[in-house]
Chemist: 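First, the structure itself, so that you have it in front of you.
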Protein chains: 2
Amino acid sequence: MTPQREQVLKVFIETNSEHLGAEEVYRYLISRKLNVSKATVYRTIDLLVELGFLRRLQFDEGVFRYELVDKEEKHSHFICTSCGKIYELKGELSPENVMREYLQLMSSKGYIIEEVDLKFRGLCPKCTKKKKK
Amino acid sequence: MTPQREQVLKVFIETNSEHLGAEEVYRYLISRKLNVSKATVYRTIDLLVELGFLRRLQFDEGVFRYELVDKEEKHSHFICTSCGKIYELKGELSPENVMREYLQLMSSKGYIIEEVDLKFRGLCPKCTKKKKK
DNA sequence: GTAGGTGCAAACCTTTTGCTAACAG
DNA sequence: CTGTTAGCAAAAGGTTTGCACCTAC
C-alpha cells in the first residue's frame with residue numbers, strides 16, 4: 001500500500017462508493033490537489049479489483065464504473081431513466097430471495113453460477129411522483 | 001432501406017444473432033468482399049437499434065454487442081467463464097416467471113420498471129462436465 | 001542493487017463526427 | 001434540385017502500455 005493507492009481507495013469511501021469511473025476518480029483527486037497520474041489511477045483500480053476491494057460495473061455507457069465490495073450484501077441496481085441516479089437494491093428489495101428457486105433449476109441443468117448480475121431500468125419513486133403531477 | 005443496411009441486418013440473421021460487436025460486423029462484411037465503410041456499419045447499427053430491430057448489450061468488456069430483437073421472447077444471458085459462449089435463457093429457463101412477484105414488490109415501492117437486464121456468469125453444462133473429469 | 005511503483009506521453013481500440021461525393025425521388 | 005446516404009479520414013473518448021526515474025528495503 002502506497003500513498004496513491006490509499007488515496008484511490010479513499011475516494012470510494014468518501015463518495016460512498018457512488019459508482020465512479022476511473023476518469024472521475026482521477027478528476028476527484030486532482031480537484032483536491034492530490035497529485036496522481038491517470039495511469040496510476042487506472043492501474044490502482046485494476047489492482048483493487050483483483051484484490052477484491054472493488055467490483056467492476058457497466059451500465060450501458062462506454063465507461064467502466066466501480067463500487068466498493070460490500071462483503072455482507074450482494075445487491076442489484078436500478079437505474080432511473082429520468083434522473084440517472086443509480087439505486088442499490090438491498091434488504092427487502094433484494095431479488096436474491098426470489099431468485100433462489102430459479103438458481104436451483106439452473107444448477108440442476110448443469111449450469112454452475114458464479115455471478116448474478118441484475119439491473120433494472122425505469123423510473124425511480126421520486127421521478128414517478130413528478131411525472132404523475 | 002439501402003443495400004448496405006440490408007447487408008448489416010443480414011449479418012445478424014446469418015450468424016444467428018451471435019451477439020456481434022460493430023467491429024465484428026464490419027470485418028464479417030469485408031471478409032465476404034461486401035464493401036462497406038466502418039462509419040456506415042456503426043450508423044446503420046445505431047439506426048437498427050432505434051428502429052427496434054436490434055438490442056444493444058454489454059458483457060463487461062469494452063465493446064457494445066448487439067442481438068436481433070426477438071419479439072416473442074425476452075431472455076436473459078448466461079456467459080460461460082470457461083469457454084466464453086453466451087447462452088440465451090429462454091422458455092423453461094427464463095427467469096421472468098420467477099421474477100414476477102418481485103417486480104410487483106418493486107412497483108408497489110414506486111419503481112416503474114421499463115427494462116430488466118439479467119446476466120449470469122459461470123460454467124455452462126459442457127464445461128461443468130469437462131471440469132468433473 | 002533489485003524489485004516494485006510512479007509519471008508522462010504515446011499508443012490503442014472502439015466509437016463518433018465533419019465533410020465531400022454519390023445517389024434517389 | 002433537394003434531401004438522404006455512403007465513404008474516407010480525422011477526432012474523440014476511455015483505457016493501456018513503454019520507458020525512464022524514483023523509492024524502499
Side-chain angles (χ1 to χ4, degrees), chain A residues 1-12 15 17-68 77 79 84 86 119, chain B residues 1-12 15 17-68 77 79 84 86 119:
Chain A
M1 265 293 151
T2 64
Q4 288 90 335
R5 292 179 180 179
E6 270 179 58
Q7 295 297 357
V8 170
L9 193 49
K10 247 188 186 169
V11 172
F12 285 96
T15 59
S17 195
E18 287 270 8
H19 310 99
L20 301 176
E23 204 74 24
E24 288 171 324
V25 172
Y26 173 69
R27 283 192 227 112
Y28 184 97
L29 288 170
I30 293 300
S31 75
R32 275 168 183 65
K33 304 268 182 283
L34 299 164
N35 293 339
V36 237
S37 70
K38 218 178 265 196
T40 301
V41 171
Y42 276 94
R43 280 189 282 234
T44 301
I45 287 177
D46 284 354
L47 187 72
L48 293 172
V49 169
E50 272 161 41
L51 295 177
F53 290 106
L54 294 180
R55 185 182 292 124
R56 185 195 256 220
L57 304 170
Q58 266 191 146
F59 298 101
D60 300 317
E61 318 150 285
V63 205
F64 289 113
R65 302 190 166 280
Y66 303 86
E67 70 180 9
L68 284 172
H77 292 97
I79 304 131
I86 298 168
K119 282 191 320 256
Chain B
M1 266 291 150
T2 65
Q4 287 89 336
R5 291 179 180 178
E6 271 178 57
Q7 295 297 357
V8 170
L9 193 50
K10 246 187 187 170
V11 173
F12 285 96
T15 60
S17 194
E18 288 270 7
H19 311 97
L20 301 175
E23 203 75 23
E24 287 170 326
V25 172
Y26 172 69
R27 282 192 227 111
Y28 184 95
L29 288 170
I30 291 300
S31 75
R32 274 165 185 64
K33 305 270 184 280
L34 300 164
N35 294 337
V36 238
S37 70
K38 219 176 265 195
T40 301
V41 172
Y42 276 94
R43 280 189 281 234
T44 301
I45 286 178
D46 284 355
L47 188 72
L48 292 172
V49 170
E50 272 160 41
L51 295 178
F53 291 105
L54 295 179
R55 186 183 292 124
R56 185 195 255 220
L57 304 171
Q58 265 192 145
F59 298 102
D60 301 317
E61 317 149 287
V63 203
F64 288 113
R65 301 190 168 280
Y66 302 86
E67 69 181 11
L68 284 172
H77 292 96
I79 304 132
I86 298 167
K119 283 192 317 255

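Chain letters run A, B, ... following the sequence lines, proteins first, then strands; residues in each count from 1.
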Chemist: Can you tell me how far P of D:dA9 sits from OH of B:Tyr26, to the nearest Å?
Modeler: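 From B:Tyr26 OH to D:dA9 P: 10 Å.
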Chemist: Rounded to the Å, how far apart are A:Asn35 CG and C:dG7 C1'?
Modeler: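 The distance from CG of A:Asn35 to C1' of C:dG7 comes to 11 Å, rounded to the nearest Å.
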Chemist: Between A:Thr15 and A:Tyr28, what is the shortest heavy-atom contact and its length?
Modeler: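 The pair with the smallest heavy-atom distance is CG2-CE1, 3.6 Å.
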Chemist: Could you state the atom-to-atom distance from CD1 of B:Ile45 to P of C:dT17 in whole Å?
Modeler: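 My rounded result for the distance is 15 Å.
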Chemist: State, to 0.1 Å, how close B:His19 and B:Arg65 come at their nearest heavy-atom pair, and which atoms those are.
Modeler: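 Reported closest heavy-atom pair: O-NH1, 2.8 Å.
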Chemist: Would you say a side-chain N or O of A:Thr40 is under 4.0 Å from OP1 or OP2 of C:dG7?
Modeler: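 Affirmative; the distance criterion is met.
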Chemist: For the aromatic rings, using the six-membered ring if either is Trp, is the centroid distance between B:His77 and B:Phe59 under 6.0 Å?
Modeler: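 Yes; B:Phe59 has its ring centre under 6.0 Å from that of B:His77.
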Chemist: State, yes or no, whether a side-chain contact exists between B:Leu20 and B:Phe12 at a heavy-atom distance under 4.5 Å.
Modeler: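 Answer yes - side chains close enough.
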Chemist: Could you tell me whether the side chain of A:Arg5 reaches within less than 4.5 Å of the side chain of A:Met1, counting heavy atoms only?
Modeler: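 Touching, per the 4.5 Å side-chain cut-off.
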Chemist: Can you measure from CD1 (A:Ile86) to CD (A:Glu18) and round to the nearest 0.5 angstrom?
Modeler: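 That separation rounds to 8.5 Å.
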Chemist: Roughly how many Å is it from CG in B:Leu29 to P in D:dG7, rounded to a whole number?
Modeler: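 Going from CG in B:Leu29 over to P in D:dG7 covers 11 Å.
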Chemist: Throw together a table of side-chain donor-acceptor distances under 3.5 angstrom for residues 42-58 of chain B, partners on residues two or more places apart or in other chains.
Modeler:
| residue | atom | partner | partner atom | Å |
| --- | --- | --- | --- | --- |
| B:Tyr42 | OH | B:Glu23 | OE1 | 3.1 |
| B:Thr44 | OG1 | B:Thr40 | O | 2.6 |
| B:Arg55 | NH1 | B:Glu67 | OE2 | 2.5 |
| B:Gln58 | NE2 | A:Asp60 | OD1 | 3.4 |

Chemist: Sort me out a list of protein N/O and nucleotides 21-25 of chain D N/O pairs below 3.5 Å, or just none if empty.
Modeler:
none

Chemist: In Å and rounded to the nearest 0.5 Å, what is the CG to CD distance from B:Asn35 to B:Gln7?
Modeler: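 CD of B:Gln7 is found 10.0 Å from CG of B:Asn35.
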Chemist: Could you check how far CD of B:Glu50 sits from P of C:dT16, rounded to whole Å?
Modeler: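 It works out to 11 Å between those atoms.
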Chemist: Tabulate atom names and distances for all N/O pairs under 3.5 angstrom spanning the protein and nucleotides 15-18 of chain D.
Modeler:
| residue | atom | partner | partner atom | Å |
| --- | --- | --- | --- | --- |
| D:dT15 | OP1 | A:Phe64 | N | 2.9 |
| D:dT15 | OP2 | A:Tyr42 | OH | 2.8 |

Chemist: How long is the line joining CZ of B:Arg27 and C1' of C:dT15, in whole Å?
Modeler: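 Roughly 13 Å, once rounded to whole Å.
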Chemist: Between B:Thr2 and D:dA6, is there a side-chain N or O to OP1/OP2 distance below 4.0 Å?
Modeler: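 Yes, within the criterion.
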Chemist: Looking only at non-hydrogen atoms, find the nearest pair between B:Ile79 and B:Gly84 and report the distance.
Modeler: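 That would be CG2-O, 4.5 Å.
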Chemist: Over how many whole Å does the gap from A:Met1 atom CE to C:dG4 atom C1' extend?
Modeler: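 So the CE-C1' distance, A:Met1 to C:dG4, works out to 14 Å.
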